[in-house]
Amino acid sequence: MTIGEGSRISLKARLDFTNPRGIHIGRETIVTPMAQIFTHDFVKARHVDTHIGSHCFIGAGSIILPGIRIGDHCIVAAGSVVTSDVPDRSLVAGNPARVVKSGIRTGHFGMLVGPSVH
């Protein structure tokens, strides 16, 4: 498992302990309570790497499926189910998660900064 400098992970977040070395989290990212990050797929019998970029916010109760790559400066809204890769500077929401807004600017822990704040 790699966790970037300054990142924070809630004690109530669930990181896949079946394949913990497959979790990669960038710098100054926050994973909030009840978020789940998976690195294995039992049905397909595979262990893969799941990547979350730097300066991201992973919302409460969200689910990141195995093998997903979330870019830098991204926000995953609470309760979202991320089933496909998320491009840099995107806000995703829903089940399955879809890009709601792109080109966002975030600072540490995925907090919106600049003109994208409304």
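- Note: Ser62 OG to Asn95 CG = 11.5 Å, rounded to the nearest 0.5 Å.
- Considering every non-hydrogen atom in both Val86 and Cys74, the closest pair reads CG1-SG, 3.8 Å.
- Residues Leu91 and Phe57 are members of one and the same hydrophobic cluster, defined by side-chain heavy-atom contacts under 4.5 angstrom among Ile, Leu, Val, Met, Phe, Trp and Tyr.
- Contact annotation: the side chain of His51 approaches that of Asp49 to within less than 4.5 Å [non-hydrogen atoms, C-beta and beyond].
- No continuous path of hydrophobic side-chain contacts links Met1 to Val48 [ILVMFWY only; heavy atoms under 4.5 Å].
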Would you give me the side-chain donor-acceptor pairs under 3.5 Å for residues 76-85, sequence neighbours excluded?
from	atom 1	to	atom 2	distance (Å)
Ser80	OG	Ala77	O	2.8
Ser80	OG	Gly94	N	3.2
Asp85	OD1	Arg69	N	2.9

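- Under a hydrophobic-cluster definition in which Ile, Leu, Val, Met, Phe, Trp and Tyr are linked whenever side-chain heavy atoms come within less than 4.5 Å, directly or via other members, Ile9 and Met34 are assigned to different clusters.
- Put simply, the residue from Arg105, His55, His73 that forms a side-chain contact (heavy atoms from CB on, under 4.5 Å) with Val113 is Arg105.
- Judged purely by atom type and a 3.5 angstrom limit, Ser10 has no side-chain atom pairing as donor or acceptor with the backbone of Thr32.
- For the pair Ile58 and Ala35, the tightest heavy-atom approach, listed with the atom from each and the gap, is CG2-CB, 4.0 Å.
- By the rule that hydrophobic residues join a cluster once side-chain heavy atoms approach within less than 4.5 Å of another member, Val99 and Ile104 end up as members of separate clusters.
- No single ILVMFWY cluster, assembled from side-chain heavy atoms under 4.5 Å apart, contains both Val100 and Ile70.
- Between the side chain of Thr29 and the main chain of Ser7, no donor-acceptor pair closer than 3.5 Å is present.
- Met111 forms part of no hydrophobic cluster, judged by ILVMFWY side-chain heavy-atom separations under 4.5 Å.
- The residue from Leu15, Ile25, Ile64 that alone fulfils the side-chain contact (heavy atoms from CB on, under 4.5 Å) condition with Thr50 is Ile64.
- A search for salt bridge (charged side-chain N to carboxylate O under 4.0 Å, His left out) contacts involving Arg46 returns Asp41, not counting sequence neighbours.
- Residues Ile37 and Ile52 have side chains in contact (heavy-atom distance under 4.5 Å, counting atoms from C-beta outward).
- For the residue pair Asp16/His40, the side-chain donor-acceptor check at 3.5 Å is satisfied.
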